[in-house]
Amino acid sequence: MTTPPSAGRLRTALVAPGRTLLAALWVVAGVLLVATAAYRLADPTYPGMPWQDPHELADFRDTIYAPGSYLLAGGNPYDSPRYVVDVPWAQDFKLYAPAWLLLSVSLALLPFLAAAAVYLALGIVLAVVLVRLVLRWAAPELVAVGTPVALIWFTLWSPSRYALQNGGTLLVMIGSVLVVMAVLRRRPGAPDGPADPSLGLAATGVALSLLKPQFGVLLVIFALIGRRWDAVWRGVAGLVAASVPILVACTVIAGGVGGFVGSVLRNLAHANSPTASTGLASPFNERTDVVGKLARYGWPDVPGIVELAVPVVMIAIAALVIRRRASPLVVASALLGATLMGMVHQRYDVVVLLLPVAIGLGAAVAGRRPAGVELAVWITAAIPLVHLEAVTTRILTDEDRLGTDTLNTASILICLALCVVAALRAPGR
């Protein structure tokens, strides 16, 4: 079958774009990125403003600046009951890895607006790193044109635009992509050869993903199923080493090891209380994972057996696709989809699905277009990334975005079911 001339010209434009086109794309991307950052800085959520009525940069203030300032002032941000009394205008600090607070403390040394500007610049840099990492590995022919196009998309699509003001989340997403790449070991379509990515990158991915345990815990389990113990222990060891300064400081502030452990236990208890910002019973719950979505539909008292069963099912799906040696597209979709559905996640976390979407695009450009079940896996993984959420929300007259978020959750769950079908059809061991 001959390729239509129009298809050939399109492929040429994607693989070998002209300098004029590339320059124009980068100018548009740069202008939109700077404009997005300036918009955030023009109306920030300053310290002292109630978190229940946020302006821009609320998560930066409450996950970075406020806990960092509190630690510098001699407080233990992990002790949620005390923290929410001392800092009543901020959301409770989640059980992020102590190394997270290294970034918090560093930025809290600056005036608020200066720290916010640095954080937004960091977000832009990390967005570039994430996009290039994904494209260079999954769709190398699309790196030139795909990088500025993806950055433009970052400023237009609601979840990725929100992720731009959460550099820490993008950092964790980079780690998540590296972990999945480590499980896959080799580029899609590449012949057998040395493991890819390198052990160092794989271990770095484990450490970065664990900065937010809701990302890292399941991904570490998936890495162990994929026999990447070498990367796991090195990544965990590196994260522990990076966490030591904060652990020491919080332990001293808490009055000893027992006091710090007690504060962590209180943090866990508070996370499930009605007053927690992301708690199941909270009126501000915007979670998109399975348990969080059940609560949003009127079931805030989800039984413990259900909360346990959901991640167990997700682990089983991941184990199946890994052990059956399913295709890179299926493995990436299953591992990241299971991570998003199995533990606490917000709507902007679906940005991480950029990896399986890029794998499908790279295969198509290279002449290995997914077909059958794999094409359906790719489409359902892509749905959360391609529909403009502002438009969908307006069409659905969806002020609380429950319907829009349900569309994303449903597409990911369908994708996971299709991954199971694809894995069962794979040759296995």
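Values in this document were obtained by computation on a predicted structure and should not be read as measured data.
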Backbone of V330 reached by a side-chain donor or acceptor of S333 within 3.5 Å: no

Contact summary for L354 and V134, nearest pair of heavy atoms: O-CG1, 3.9 Å

Non-hydrogen side-chain atoms of V420 and L416 separated by less than 4.5 Å: no

W137 and V177, any side-chain heavy atoms less than 4.5 Å apart: no

Test item: R324 side-chain N/O and L424 main-chain N/O as donor-acceptor pair under 3.5 Å: yes

Flag side-chain contact, heavy atom, 4.5 Å: P370 against L329: yes

Option among Y78, Y83, Y65 that satisfies the ring pair (Phe, Tyr, Trp, His ring centres under 6.0 Å) test with Y70: Y83

Shortest non-hydrogen separation from A381 to L353 and the atoms involved: O-CD1, 3.7 Å

Pair N267-S80, side-chain donor/acceptor within less than 3.5 Å: yes

Side chain W157, main chain V351, donor-acceptor under 3.5 Å: no

Under 3.5 Å donor-acceptor, T380 side chain and V377 backbone: yes

Backbone of L156 reached by a side-chain donor or acceptor of R161 within 3.5 Å: yes

Nearest-0.5 Å distance that lies between atom CG in L413 and atom CE in M314: 6.0 Å

D289 and H345: side chain donor to acceptor below 3.5 Å: no

Approximate separation, where rounding is to 0.5 Å, of R136 CZ and T147 OG1: 9.0 Å

Heavy-atom closest pair, residues V352 and S176: CG2-CB, 4.0 Å

Residue pair Q165 / F60: nearest heavy atoms and the distance that separates them: O-CB, 4.4 Å

Side chain proximity check, L164 to L33, heavy atoms < 4.5 angstrom: yes

Rounded distance (nearest 0.5 Å) linking atom OG of S243 with atom CG of L102: 7.0 Å

Y162 backbone acceptor or donor facing N166 side chain under 3.5 Å: yes

Heavy-atom pair of closest approach, residues A231 and A202: CB-CB, 3.5 Å

Neighbour count >12 (heavy atoms, 6.0 Å) for atom OH, Y39: no

Partner of R296 by side chain to side chain donor-acceptor pair (under 3.5 Å), out of T409, N285, T288, D405: D405

Any donor-acceptor N or O pair under 3.5 Å, side chains T169, K212: yes

Worked check of side-chain contact (heavy atoms from CB on, under 4.5 Å) between F154 and V131: CA-CA 10 Å; F154 257 76; V131 168; 3.8 Å; yes

Heavy-atom side-chain contact between Q346 and R287 under 4.5 Å: yes

Evaluation steps, side-chain contact (heavy atoms from CB on, under 4.5 Å), between V179 and F215: CA-CA 11 Å; V179 173; F215 268 100; over 6 Å; no

Main-chain N/O of G68 paired with S104 side-chain donor or acceptor, under 3.5 Å: no

Over 12 foreign heavy atoms within 6.0 Å of CZ, R266: yes

Check: Q91 main-chain N/O paired with D62 side-chain donor or acceptor under 3.5 Å: yes

L219 CG to L224 CG distance, which is reported to the nearest 0.5 Å: 11.0 Å

R40 side chain vs E56 backbone, donor-acceptor pair below 3.5 Å: no

Side-chain touch W89/M49, heavy atoms, less than 4.5 angstrom: no

D59 and R61: CA distance, side-chain angles, deciding distance, salt bridge (charged side-chain N to carboxylate O under 4.0 Å, His left out) verdict: CA-CA 5 Å; D59 273 3; R61 186 198 69 174; over 6 Å; no

Any side-chain heavy-atom pair of W100 and V172 under 4.5 Å: yes

Backbone of V357 reached by a side-chain donor or acceptor of W378 within 3.5 Å: yes

Whether Y46 and F112 hold their rings parallel, tilted or perpendicular, with breakpoints at 30° and 60°: tilted

Nearest non-hydrogen partners of F222 and I322, listed with the distance: O-CD1, 3.7 Å

Test item: side-chain donor near acceptor, T406 and Y297, under 3.5 Å: yes

Intermediate values then yes/no, salt bridge (charged side-chain N to carboxylate O under 4.0 Å, His left out), D349 and R347: CA-CA 5 Å; D349 290 337; R347 57 172 59 103; over 6 Å; no

Ring geometry between Y96 and F93 (parallel below 30°, tilted from 30 to 60°, perpendicular above 60°): perpendicular

Distance (rounded to the nearest 0.5 Å) between L71 CG and I246 CD1: 5.5 Å

Flag side-chain contact, heavy atom, 4.5 Å: R132 against V128: yes

Name every donor-acceptor pair, under 3.5 Å, that has one atom in a side chain of residues 117-126 and the other anywhere in the protein, sequence neighbours excluded.
residue	atom	partner	partner atom	Å
Y119	OH	G167	N	3.2
Y119	OH	G168	N	2.8

Which residues share a side chain to side chain donor-acceptor pair (under 3.5 Å) with S327, sequence neighbours left out: E374

Pairwise distance CG(L133) to CG(L135) - rounded to 0.5 angstrom: 9.0 Å

Chi angles and distances behind the side-chain contact (heavy atoms from CB on, under 4.5 Å) call for L211, L239: CA-CA 8 Å; L211 286 172; L239 182 64; 3.8 Å; yes

Qualifying residue, where the test is side chain to side chain contact (heavy atoms under 4.5 Å, CB included) with E307 and the options are V291, V290, L294: V291

Criterion side-chain contact (heavy atoms from CB on, under 4.5 Å) on M173 and L208, from CA distance to verdict: CA-CA 8 Å; M173 288 180 182; L208 292 178; over 6 Å; no

